[in-house]
Amino acid sequence: MKWIDYENAKTVDEAIKILSQSGGKARPMAGGTDLIVQLRNKDPRTDADVVVDIKDIPDLNVLQCDPKTGLTIGAAVPLYKIYNDDNVKKYFPAIIDSASLIGGVLIQGRASFGGNLCNAAPSGDAIPNLIAHNGIATIAGPNGTRDVPVEDICTGPRQTSIGNDELLISINLPVPAAGFGASYIRFTPRNEMDIAVVGAGVSVNISEGKFTAARVSLASVAPTPIYVENAVNALVGETVGDAAIQRAANAAREAAKPISDMRGTAEYRKHLCEVLTRRALNAAIERAKEGK
Amino acid sequence: MTTKTHVQTTINGEPVDFLCEPRQSLLECLRDVVGLTGTKEGCNDGNCGACTVKLDGRIVTSCLVLGVEAQGADIETIEGVAEGTNLHPLQLAFLENAALQCGICTPGFIVSAKSLLDQNPNPTEHEIRFWLANNLCRCTGYDKIVRAVQDAAKKMQEAS
């Protein structure tokens, strides 16, 4: 690995100061499961001289789940803490879908949702799920703090709208309205330690047999995870049933702009978009009916 | 450019200090600096689990941890699994069930499986396979490893 300097920031201000003074050559690190590999492989997109360890900053380790205020996931909270949290399991069961399938047990002790979002892989398993939950990212910088919807964070493969002098603090999911259910499903040849061929994160709100709101997001079918507005439009206001679900699945298929690679052809991925959107919607509807 | 950093840790119950560069992984520190070569380097990018160690109570791939991050940490490696010359029941079960051939993956499998049995003394085959999914073996086809873990779990329960 090329030479790096290591700084262990204890506060947000300290981290921002180091990031601001490093001329764009510092990278925050939580679990390091992506960053250390990129530095070791001399990935040109990770041109860093300084690694800023942010795991000891209290604000980034908050995991607070309350049915009245929603869910706050600090940017450095490792996945195992998320999927072992009884309140997250109870109030945000779909979040467990993502937390428990990223990597394997060894990775889940270190990797975080914050890192998954900031790494901005097209296949990031946390990202469609956070978009489906109306997630808001809280980002601190030299000029204060700003809140950004998660779907506006990723701008390209491994590129984000978070500045080099900024730091993701937390991801905040609002309290779900009544009749809410969500789900994240991905397709991989292997259950663990694999990268999504396609991932689908969805949520619905159901009232009196109709969809009152919905969110549909896909991974691995575009340069970034995408929010599929046409799929949402196919659902909202419609009667809950196979007809609306199929129209949304068709819209997801149309919105996908996948590439062909070793994991699957573009055509296969478009097919998977339809299937996974349909399955994820059915799973979300089940959860909505169970009051979860 | 900084010089080497002084890192203070506890490894297998003993205080161990070492000097390392910030770019060195915990795996490199354990093997090349501390001299504990039981932990193996496989893929060096977090996929194979040959470098599994327990860090502050959680198993991790030590190739994806910087040595400097281990300041103040409690680390358990394969060298700490046996008690003196008495092998751990998992180590015996791996031998008796022929759960290794070349042996490079074995320290990682033993450390991972031990952490499973420490928290779940009677895991199902499904639970064992999921827990060990982050450890790769290119020799055995996994079946013998799963049977060895089941065997060790049974013997440990009978002994307790």
Side-chain angles (χ1 to χ4, degrees), chain A residues 1-10 18 25-27 29-43 46 48-56 76-81 83-84 100-112 115 119 188-195, chain B residues 1-5 7 20-28 41-73 108-109 111-113 115-116 119-120 123 126-136 142:
Chain A
M1 195 190 288
K2 67 169 239 178
W3 188 275
I4 50 162
D5 283 335
Y6 172 83
E7 302 279 354
N8 189 1
K10 300 290 184 192
I18 299 165
K25 295 271 187 132
R27 289 289 178 281
M29 180 178 87
T33 53
D34 285 314
L35 184 66
I36 292 175
V37 177
Q38 290 157 12
L39 289 171
R40 190 171 286 145
N41 293 343
K42 298 185 172 64
D43 188 320
T46 310
D49 294 336
V50 183
V51 165
V52 188
D53 193 340
I54 47 137
K55 275 193 299 296
D56 290 341
V77 176
L79 298 171
Y80 81 92
K81 285 193 180 166
Y83 65 64
N84 284 328
S100 58
L101 59 65
I102 294 174
V105 174
L106 292 163
I107 298 298
Q108 290 158 3
R110 301 260 298 167
S112 60
N119 189 54
T188 51
R190 190 177 175 224
N191 273 328
E192 315 78 23
M193 297 302 296
D194 211 341
I195 295 170
Chain B
M1 196 176 276
T2 52
T3 53
K4 287 189 177 181
T5 303
V7 181
C20 73
E21 295 176 356
R23 63 179 165 180
Q24 284 182 295
S25 67
L26 177 60
L27 172 64
E28 290 173 75
E41 179 184 314
C43 66
N44 216 22
D45 64 11
N47 274 291
C48 81
C51 65
T52 303
V53 301
K54 208 168 190 184
L55 177 70
D56 287 332
R58 295 290 307 182
I59 47 168
V60 298
T61 42
S62 59
C63 72
L64 295 188
V65 179
L66 298 176
V68 287
E69 286 184 77
Q71 170 58 35
F109 267 102
V111 172
S112 281
S115 104
L116 171 64
Q119 60 175 274
N120 182 358
H126 185 80
E127 285 168 335
I128 294 169
R129 286 187 184 273
F130 263 84
W131 189 269
L132 297 179
N134 212 164
N135 292 84
L136 299 184
Y142 301 102

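By convention in this document, chain letters (A, B, ...) are assigned in the order of the sequence lines, proteins followed by strands, and residues within each chain are numbered from 1.
- Interface residue B:S112: only side-chain heavy atoms are found under 4.5 Å from chain A.
- A:I36 and B:L64 get closest at one heavy-atom pair: CD1-O, 3.3 Å.
- Residue contact with chain B, scored on non-hydrogen atoms closer than 4.5 Å, is absent for A:N8.
- When the candidates B:Q71, B:E28, B:E21, B:R23 are compared by the number of heavy-atom contacts under 4.5 Å with chain A, B:R23 comes out ahead.
- Here B:C63 is the residue among B:C63, B:S25, B:G46 with the most heavy-atom pairs under 4.5 Å with chain A.
- The part of A:K2 that comes within reach of chain B is its backbone (N, CA, C, O), which places non-hydrogen atoms under 4.5 angstrom from that chain.
- Both the backbone and the side chain of B:N44 come within contact range of chain A, judged by heavy atoms closer than 4.5 Å.
- A:N191 approaches B:F130 most closely through the heavy-atom pair ND2-CZ, 3.9 Å.
- Most heavy-atom pairs under 4.5 Å with chain A, from the set B:L132, B:V68, B:T61, B:T52: that is B:V68.
- Of all non-hydrogen atoms in A:M29 and B:L66, the two that sit nearest each other are CE-CD1, 3.9 Å.
- A:I107 contributes atom CD1, which lies 7.5 Å from atom CG of B:N47 (distance to the nearest 0.5 angstrom).
- Using modelled atom types, no side-chain atom of B:N134 and backbone atom of A:G103 make a donor-acceptor pair closer than 3.5 Å.
- Shortest non-hydrogen contact noted between B:A133 and A:R190 is O-NH2, 2.8 Å.
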